[in-house]
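A quick write-up on the structure given underneath.
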Amino acid sequence: DQQFSTGTSSKMGHNADKAMVNGDGAHEHTGEAELKQHGNGEADAEEESNEQEVIVIQDTGFTVKIQAPGTEPFDLQVSPQEMVQEIHQVLMDREDTCHRTCFSLQLDGNVLDNFAELKSIEGLQEGSLLKVVEEPYTVREARIHVRHIRDLLKSLDPSDAYNGVDCNSLSFLSIFTDGDLGDSGKRKKKGNDLEQIDCTPPEHILPGSKERPLVPLQPQNKDWKPMQCLKVLTMSGWNPPPGNRKMHGDLMYLYIVTVEERHVSVTASTRGFYLNQSTTYSFNPKPANPSFLSHSLVELLSQISPAFKKNFTALQKKRVQRHPFERIATPFQVYSWTAPQVDHAMDCVRAEDAYTSRLGYEEHIPGQTRDWNEELQTTRELPRKNLPERLLRERAIFKVHSDFAAAATRGAMAVIDGNVMAINPGEETRMQMFIWNNIFFSLGFDVRDHYRELGGDAAAHAAPTNDLNGVRAYGAVDVEGLYTLGTVVVDYRGYRVTAQSIIPGILEREQEQSVIYGSIDFGKTVVSHSKYLELLEKTSRPLKVQRHNVLNEKNETVELCSSVECKGIIGNDGRHYILDLLRTFPPDLNFLPVDGEELPPESQRQGFPRQHRHRLACLRQELIEAFVEHRYLLFMKMAALQLMQQKANKDSNKTETPAITATSETSTEKNSSDPLEGKELEESIPGLAQAKELAETLVAEDGSDPKSREVVLNACKAVGSISNTSFDIRFNPDIFSPGVRFPDNSVDEVQKQKQLLKDAAAFLVSCQIPSLIKDCLDHSALPMDGATLTEALHQRGINVRYLGTILEFVEKTPAKAQLEHIYRIGVSELITRCAKHIFKTYLQGVELSALSAAVSHFLNCFLSSFPDAVAHLPPDELVSRRKSRKRRNRVPGGGDNTAWASLTPSELWKNIASEAQSYYHYNIQCESVDQVVEKYSFQKTTLLREISIKTGIQILIKEYNFDSRHKPAFTEEDILNIFPVVKHVNPKASDAFHFFQSGQAKVQQGFLKEGCELINEALNLFNNVYGAMHVEICACLRLLARLNYIMGDHPEALSNQQKAALMSERVLGIEHPNTIQEYMHLALYCFANGQLSTALKLLYRARYLMLLVCGEDHPEMALLDSNIGLVLHGVMEYDLSLRFLENALNINTKYHGPRSLKVALSHHLVARVYESKAEFRSALQHEKEGYTIYKNQMGEAHEKTKESSDYLKYLTQQAVALQRTMNEIYKNGSNASIMPLKFTAPSMASVLEQLNIINGIIFIPLSQKDLENLKAEVHRRQQLQELGKSEEPTEESQLQLEDKIPID
């Protein structure tokens, strides 16, 4: 049972020192303990220069015996790479030893060092006996122990997930699968008991239903009915122990009330826990009689409370039965926008946390708080020469980043809630800056008129996200010796807070002295530095930044390799930092009108340039990449055309030079104006392909041949390359920056750069937007909600400020009807974003005590049909009386005006319409929510979900009556919380990602076995870097499951897909479009595994979620309904099946056009159900439609057409037979001799076959031997572990993959 995993030892790596010194050490690593399926090998992979071959060196695990006090010795599989500490984690998670935290492991009487690797311990071998020995407590150990016990008591309680703390999040999958799929499948399958399946879905899930209830979003989980073990467990008021008691070994006192209402006071001493004689009002620390001294608090409580003993045991049984993925922490916090009303119970952990360890566990860390900057930079400096080193490094970087993001988020909330003292308390609120937990916080306002030229507060609001994109880009290039700051941008209660790690020494110096590269006044004064130029030069090519000269205040030339805003500061630690990376990417001229500059006609036709809120609008990195790639193809074409011309000239012995140079400028322009132009060019010129190959070799040459040199030169000029001998496009980020001046000798270069920027802006409008629309039309992009739409835009390099342009484009498209879903999602995104902009300023004026009233009032104005929503001001006694001018508004979130209360629905909708006009240049002519809903056929629940997610609102889960004209939909009791919306960098697992991509490529070429191996390897590496939970791991698991399924291993497919679905719920959200997809895949594998009722439950859940997220009118709904219809057909629910299949047919006809093959297939599925019902006339009618489509699209001879034609013949025979029988009955009455008719319920195999076809799965025939090898290999690999996560899922690539494996 060997397992691979790479560098398990890195699990503790960087954290080793922290994890255990941290009060939460126990808590820190439970995830790893749960996932360690006892035993880990070590894999080491070397990249061979050409082939990514993985050489797996297996370190065989071995078994040791563990003997804990009071339990039987048990075996534990370990690996030589593990640390002793990991055995501790396993013991703290095991059901029978979980109540121990303060112990050492001993081998032959010698205590093992926690941080030693097992292989370094003398005498430790197969079969060694390790003894668990109880150790004396210290205050720290006692705290850890109490905290661990509390965590065990709370382990099934979902309140942390609702409150968005400790990286807990919700998951409901187990409710629909009745626990773990694998086991229950084997247990419950006693033949196909079709009779027992209740197939009727709730009314609101049926096609055509108009109600969209909210409550089913969170089904009741019976496990959450808490089994009460204790009523109260809290710190006693007698803490800390007085001196004389310290000398008796007292560490702290606890106050406990048992379920039986027994009040006891407990002493935690160095020897363990015992009852003392104190009461609430009198202190008597003497041991009670009996004192029940126990080393573990659980043992003590089990002796004094029978209910505790019984319930604690039951609770731990349940805890270990849950799927580990339901309880492992996610790397970044996921917030839920709905929550039920949870009773607020007394919880000591929470109470103590609020006053103590919430500040990042200060007391437990030796010395002081964490030095974030040092941690972030040190992890970057770790070696990265080979795979194990890179894994260790990436794991450390990822871990520090997720910790930093969590700390920064907490700090930003504390700042806005007014709980942090400013470092410049004398200044007005907007100008204040804060330091908390070694993180620097500033507010997104334009202080000191820094951005006055660029758009004031609007620019100050945009700058942090631009800066973050710059940090992300430089971080990804990862140049050794160049450092960026840890950066997190938090939007909370209407304020934007930027959190940054602190450069050592920066606070003691004036900025002017510290900046040795760049400019602090937008380019009036500029300095440069050779070391910075050398470091930035390395980023120049990957980031496409051109090295350039600017003038300083003395008119001297200064050389830069970044924008002038980018500042270089050498910290006291000697590291070279760069900050203020907001202009890393070039400006977007479509939104930056410049006097005297004309944009290309493609942009002008769309009404550009347009005035924007600020002058910081820049192009996305994805756009730059796409543009350069587009230009490269053009370059190759130009070179090839010239070569052909030269060849033609040679052939006819002409000598004049090719006449292509003059037209080259115009041809590029023309080319970008029509995205189809390029293809036609290629098809129209014979021999272009060979010429292209020639061109490629030519570009690779050293340019010694003058003829070819000229060809390259012309092509370079034509595409705007900065070099004359090779293709190389880079941008000067300072072009069009106010305040930046260029030396006279670079006029031509600057002119070229300006042209390049104009071309890039035109490329976005003329290529990227049309290609997005095309992808939506052929359904390779399938956004379901605002977030997935935004992602689709970003992947193509389109900023969201182009949303209005995209919608106009859709309106003018001839195929507008087939883009209705895109149009609806787009308008809804535009409206909710406008509402978010308004909400932001609205919230800034609200004081804390009025927050829920203000939020509910805003939602009423936004969504409720009640025309005169009135705000409820907090009662007078809560409004602060002291309106003394001086103390006014001292904390950022402390506005005390009540202007918000005067907002009315009509005013809000007027504002939304004008915001849409001014920001998106889009016209919404609606005065109320009901007009909008009517005009664009929105659903109010969908709008509520979108606005809540965007602004961080959490609402009570109940049915809201939005449409009442008599009372508002929301009251202040319905607003439960307001969460931060957090943006941060997502460090990537680069090696894992390469394996994943190679695996995908292999699979698409049809090499399933190799693909499967690579993806398994990727899974390993992802686990190593990200831990068990991550979006990318989710994608990996989904693909693995699909491969398992295609290769016929249904149980394995089921197990992997269950993990993918659980993980998607946890890291993306329970109703994220990706989760809906995962549910659909899981249902298919359940069906294949014979778990029909589970498959239906999952499909119904997916349909409910999809209705909530985007409504019924969406192309993906057709696929879902076809799945549901087929499963219902299989269980002989014909009428119900028809409702779903006919709905699918209608949606397919609408979105794919009546002549599409998908529609033909839909007709066929409907025909099969009518056949089962013996309604042959209807069956024939549908099959004929399908046959006609096949015949027209594929021709008579195609097998699909033949199949359809055979089926038509069969249906006709059946119809004739039925008619004969009926005639016989009419003629002869009851004594007719009736031929038995064949009424066939479909076989499961035939239903599964159709399911595979509609889900785009094609089985690739493999020989028996291949299959055996494959299964053995997959099995060997599968003793592996689980997979990973990322905030910007690499979703699109998986989705496309989904549709490429099969040939639909």
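Numbers here are sequence positions counted from 1.
Side-chain contact between F1140 and L1120: absent, with no pair of heavy atoms (C-beta onward) separated by less than 4.5 Å. At a threshold of 4.5 Å between non-hydrogen side-chain atoms, the residues L1119 and E1116 count as touching. Residues L1141 and S1162 are not in side-chain contact: their nearest non-hydrogen atoms beyond the backbone lie 4.5 Å or more apart. Counting heavy atoms from C-beta on, the side chains of K1158 and L1161 never come closer than 4.5 Å. Residues N1056 and Y1085 fail the side-chain proximity criterion, which asks for heavy atoms closer than 4.5 Å. Between L173 and L1098, the closest side-chain pair of non-hydrogen atoms falls below 4.5 Å. Side-chain contact between L1208 and L1180 is present, with heavy atoms from C-beta onward closer than 4.5 Å. Inter-residue side-chain proximity for H1114 and Y1151 is flagged as unmet; no heavy-atom pair is nearer than 4.5 Å.
Between C167 and the options D160, T330, V1067, a side chain to side chain contact (heavy atoms under 4.5 Å, CB included) holds for only T330. With L1128 as reference, L1096 is the one residue of L1138, D1135, L1096, T200 to meet the side chain to side chain contact (heavy atoms under 4.5 Å, CB included) rule. Screening R1038, E1078, E1052, R1042 for a side-chain hydrogen bond (donor to acceptor under 3.5 Å, both in side chains) involving Q1057 leaves a single residue, E1078.
Looking at E1065, its side chain does come within 3.5 Å of a backbone N or O of F172 through a donor-acceptor pair. Using a distance-only test at 3.5 Å, with no hydrogens or angles considered, a donor-acceptor pair links the side chain of T1149 to the main chain of L1145. With hydrogens and angles ignored, the 3.5 Å screen pairs no side-chain donor or acceptor of S1204 with any backbone N or O of K1200. Looking at D157, its side chain does come within 3.5 Å of a backbone N or O of S159 through a donor-acceptor pair. R94 places no side-chain N or O within donor-acceptor distance of the main-chain N or O of V320, the cut-off being under 3.5 Å. The backbone N or O of L217 lies less than 3.5 Å from a partner atom in the side chain of Y1104, making a donor-acceptor pair. Of the possible donor and acceptor atoms, one in the side chain of N1252 sits under 3.5 Å from a partner among the backbone N and O of L1248. Side-chain atoms of Q954 come within 3.5 Å of backbone N or O of S336 as a donor-acceptor pair. Checked by atom type and distance alone, the side chain of Y1100 pairs as donor or acceptor with a backbone atom of C199 at under 3.5 Å. With hydrogens and angles ignored, the 3.5 Å screen pairs no side-chain donor or acceptor of Q1214 with any backbone N or O of A1174.
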> After noting the C-alpha distance and the side-chain angles of F312 and L152, does the key distance pass the side-chain contact (heavy atoms from CB on, under 4.5 Å) rule?
Replying inline: CA-CA 9 Å; F312 186 78; L152 291 175; 4.1 Å; yes

>> Checking I1070 against T1075 for the side-chain contact (heavy atoms from CB on, under 4.5 Å) test, could you report, in this order, the C-alpha distance in whole Å, the side-chain angles of both residues, the deciding distance, and whether it holds?
In response: CA-CA 7 Å; I1070 53 173; T1075 306; 5.7 Å; no

>> Evaluate C1110 against T942 for side-chain contact (heavy atoms from CB on, under 4.5 Å), listing each step before the verdict.
In response: CA-CA 7 Å; C1110 65; T942 304; 5.8 Å; no

>> Determine whether S937 and D1113 satisfy the following criterion, side-chain contact (heavy atoms from CB on, under 4.5 Å), listing intermediate values before the conclusion.
In response: CA-CA 10 Å; S937 47; D1113 184 16; 5.9 Å; no

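Of the N and O atoms on the side chains of Q218 and T338, at least one donor lies less than 3.5 Å from an acceptor on the other residue. Side-chain N/O atoms of R1066 and S169 include a donor and acceptor closer than 3.5 Å. No hydrogens or angles considered: a donor-acceptor pair under 3.5 Å links the side chains of Y1207 and E1171. H1129 and S1172 form a side-chain donor-acceptor contact under 3.5 Å, judged by distance and modelled atom types alone.
If you take CG on L1165 and CD1 on I1254, they are separated by 6.5 Å, rounding to the nearest 0.5 Å. To the nearest 0.5 Å, the span separating CE on M1029 from OG on S1064 amounts to 10.5 Å. One finds the CG atom of D1121 at 11.0 Å from the CG atom of L1126 (value rounded to the nearest 0.5 Å). Note that CE of M1080 and CG of L1105 are 11.5 Å apart. Values are rounded to the nearest 0.5 Å. For the atom pair CG of L156 and CZ of R327, the computed distance is 9.0 Å after rounding to the nearest 0.5 Å. Here CG of L1037 is found 11.0 Å from CD of Q1058. Values are rounded to the nearest 0.5 Å.
With a 6.0 Å radius and a threshold of 12 heavy atoms from other residues, nucleotides or ligands, K310 has its NZ atom at or below the threshold.
The shortest heavy-atom contact between K940 and F962 is CD-CB, 3.3 Å. Minimum heavy-atom separation, L1082 to A1061: CD2-CB, 4.3 Å. Contact detail for S155 and R319: the closest heavy-atom pair is OG-CD, 3.2 Å. The shortest non-hydrogen separation linking Q939 to L1107 is NE2-O, 2.9 Å. Of all heavy-atom pairs between E1071 and I949, the closest is OE2-CD1, 4.2 Å. Contact detail for S1137 and G1125: the closest heavy-atom pair is OG-O, 2.8 Å.
Salt-bridge check for E1183 with R1168: failed, with every basic side-chain N at 4.0 Å or more from each acidic carboxylate O.
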